[in-house]
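Below is one structure, written out as structure tokens; the observations come after it.
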Amino acid sequence: MRKSSHFVNLLIPTGILLGLTLLLAAPLAPDIQAVVPSPTPARAAPPSVAPPSPTPLPSPTPTAAAWERYQLRSNDESPLPTPRPLPESAEVPILMYHYVEPLPPNADRFRRDLTVLPENFEAQLQALADSGYHTVSLTDLYLYLTYGTPLPPKPIILTFDDGYRDAYTIILPLLQQYGFVGTFFVLATPTHYENPNYLTWAMMREMADAGMEIQGHGRDHVDLRGRSTDFLVYQILGIKEAVEYHTGQAVHFFCYPSGQYDDDVIAVARSAGYWGAVTTQYGRVHTREDLFALHRIRVRGTDSLESFMAHVEGR
Ligand SMILES: [Zn+2]
């Protein structure tokens, strides 16, 4: 009795299972198809040959022996090139200009100090060319110090601070006349508000296309010491992104406004992707350790051509 009842209990579920299997395996009747929701009603027939399923390749497990064989082979067949020894330092004068234009009638002594007259500027370019100087960029200096990429003989860097309009109207054509390149540290806010004394974005783009380097000086010309990280990011990353957007040229160098900076300023500049920054301190020899405190040589409106060349040559 117990055995037969157990047998019956076993039969019933098996029968139900068999029926379900047959129902699922059989093609669905039209009325059932209509009930089944289908996201793609006109579904294409499945391909007769299924595409090969992507079988993940077994990930190589390097063994010590294999690594040793690889090293032996690479030593035997293609020895690695001897790394170029990096230079200890670079002696490259970085000249610092501000205005290159005629003096305004109301110029005070600060403005006279910051302004080099166009005719004096041209005489300086002529003297540099006559003395065999080759203008390079801060990027060239960086590549020399960090990769050993050679510099031309008598390299010199011409920098122009603040992005005044004369950079486009006076400096650019004179540099082009001598086949020179210049580095221009610009601000965003005066350009954004279309201040006529400053470069426009279109001018910066044209200068970048002509081979000049447009680099960052901050969104505004403000002392960056003791500021919050948010403020520093706004000023330092902000000018980088603005110039890159408008010129299509990468920005990798910063100029501390009024030469003022602290450790936080350097940290934010590094994290923003800058490769270095210039100060207003005097110097002409640069090292890898000093990339965020590059020294420059100020060109004053009161310089004679003789005193200018004496500064350039470190006399
Ligand atoms: Zn400045």
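Counting starts at 1 for both ligands and their atoms, following the listed order. Computed over heavy atoms, backbone and side chain alike; hydrogens, waters and symmetry mates excluded.
Here the N, O or S atom of Asp162 that is nearest to the Zn ion (ligand 1) is OD1. The nearest N/O/S atom of His217 to the Zn ion (ligand 1) is NE2.
For the Zn ion (ligand 1), the N/O/S atoms of His98 include none lying under 2.8 Å. At a cut-off of 2.8 Å, Asp161 is not counted among the residues with an N, O or S atom near the Zn ion (ligand 1).
The shortest distance between side-chain heavy atoms of Val299 and Gln124 falls below 4.5 Å.
A donor-acceptor contact shorter than 3.5 Å links the side chain of Thr279 to the backbone of Gln281. Looking at Asp166, its side chain does come within 3.5 Å of a backbone N or O of Val100 through a donor-acceptor pair.
Relative to the six-membered ring of Tyr99, Arg111 meets both conditions, a distance below 6.0 Å and an angle of at most 45° to the axis.
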